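Quick notes on the structure that follows.
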Amino acid sequence: MTKGWGKVAAVLLAAVTMAGTAACGGDAGAESKPKATASAAKKPAEPVKAQWDKAMEWWATHDIGCVNGSAVDADREGCAVRVQDYVDDVRKIRKAMNADPAAPKGFYSDAYAIIDRLESYASTPSGEGDTEGWLDARPLIWAQGEALDEWIAAHPLQ
């Protein structure tokens, strides 16, 4: 009885080996996808200033007064979430700055310092659900966002 299982195992092993070869580019009748060439053009990244301007345009029409503080008491929990979303948008801008091929070394140093201060204020709440912590940090986060806005406006790279 065990000898029969040995043959079954050998056949399964052969089938798995052939399937593995086909998956690794071997000729098992499978069609392969065309390979991407190095000359394929990548879409250039949008300039940092343009990305920031888009984000700020969105906030100007969607904030409803939470981040800037004019209507915090209307929806305290909702405003705390908005502040976190604002911080996330600033983090996206930092990533865009990090990836900016047009920036000379050290170009964004002052902007990074502003973002670092904003991040330090954003780290004071004890988690996403700390509504009061986020609302307490909101004016400081907003002030750094305004400072970053001024810096980006004064230093358009592209």
Side-chain angles (χ1 to χ4, degrees), residues 16 19-28 30-158:
V16 169
T21 303
C24 291
D27 185 23
E31 291 184 28
S32 62
K33 293 181 183 178
K35 294 182 180 179
T37 61
S39 63
K42 285 178 100 177
K43 182 181 173 188
E46 190 173 26
V48 170
K49 183 172 181 347
Q51 291 180 50
W52 177 257
D53 289 346
K54 277 185 182 178
M56 292 305 101
E57 285 174 24
W58 188 92
W59 280 103
T61 59
H62 292 82
D63 175 31
I64 65 169
C66 291
V67 177
N68 71 17
S70 64
V72 171
D73 290 328
D75 179 9
R76 295 181 71 72
E77 287 182 14
C79 284
V81 170
R82 290 288 183 153
V83 173
Q84 294 171 53
D85 292 343
Y86 182 80
V87 171
D88 287 343
D89 282 351
V90 172
R91 289 176 179 145
K92 290 175 188 171
I93 295 300
R94 180 194 288 267
K95 286 182 182 179
M97 290 174 176
N98 289 340
D100 188 353
K105 185 176 179 155
F107 180 77
Y108 289 117
S109 295
D110 292 337
Y112 290 146
I114 294 168
I115 295 171
D116 288 344
R117 284 191 299 273
L118 183 143
E119 287 281 1
S120 72
Y121 302 137
S123 69
T124 57
S126 61
E128 291 180 8
D130 182 8
T131 299
E132 294 308 311
W134 280 102
L135 295 180
D136 289 346
R138 185 211 49 77
L140 300 170
I141 291 170
W142 174 252
Q144 294 310 308
E146 289 294 294
L148 183 61
D149 184 58
E150 291 173 15
W151 188 93
I152 290 174
H155 299 86
L157 188 58
Q158 293 96 349

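Given the structure is predicted, the values throughout are model-derived calculations rather than measurements.
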**OP:** May I ask you to say whether D116 pairs ionically with R94, meaning some side-chain N is under 4.0 Å from a carboxylate O?
**Re:**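 So D116 pairs with R94 through a salt bridge.
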Original post:
Is the shortest distance from a Lys or Arg side-chain nitrogen in D88 or R91 to a carboxylate oxygen in the other one below 4.0 Å?
Top reply: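 Salt bridge: yes.
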Shortest non-hydrogen separation from [X] to [Y] and the atoms involved:
X    : Y    : answer
C79  : A71  : SG-O, 3.9 Å
G106 : S109 : O-OG, 3.0 Å
E128 : Q84  : O-NE2, 3.0 Å
L135 : A80  : CD2-N, 3.9 Å
T131 : R76  : CG2-O, 3.5 Å
A122 : P125 : O-CD, 3.2 Å

**OP:** Hey, could you give me the OG/CG distance between S123 and L118, rounded to the nearest 0.5 Å?
**Re:**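 These two atoms lie 10.0 Å from each other.
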Original post:
Atom CE of M56 and atom CG of D89: how far apart are they, to the nearest 0.5 Å?
Top reply: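 Interatomic distance, M56 CE to D89 CG, rounded to 0.5 Å: 6.0 Å.
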Would a 4.5 Å heavy-atom cut-off, applied to side chains only, mark [X] and [Y] as touching?
X    : Y    : result
V48  : F107 : no
E119 : Q144 : no
C66  : D75  : no
K92  : Q51  : no
T124 : D136 : no
I152 : L148 : yes
I93  : M97  : yes

Original post:
Can you say whether the rings of Y108 and W151 are parallel (under 30°), tilted (30 to 60°) or perpendicular (over 60°)?
Top reply: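 Ring orientation, 0 to 90° scale: tilted.
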**OP:** Please confirm whether the backbone N or O of H62 pairs with a side-chain atom of R82, one donor and one acceptor, at under 3.5 Å?
**Re:**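 Side chain of R82 to backbone of H62: a pair is present.
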Subject >> Side-chain (W134) to main-chain (E77) donor-acceptor, under 3.5 angstrom >> reply: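 Checking the backbone N and O of E77 against the side chain of W134, no donor-acceptor pair under 3.5 Å is found.
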Subject >> Sole candidate of Y86, W142, W52 that passes ring-ring contact (aromatic ring centres under 6.0 Å, His included) when paired with W59 >> reply: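 Exactly one candidate clears the test, Y86.
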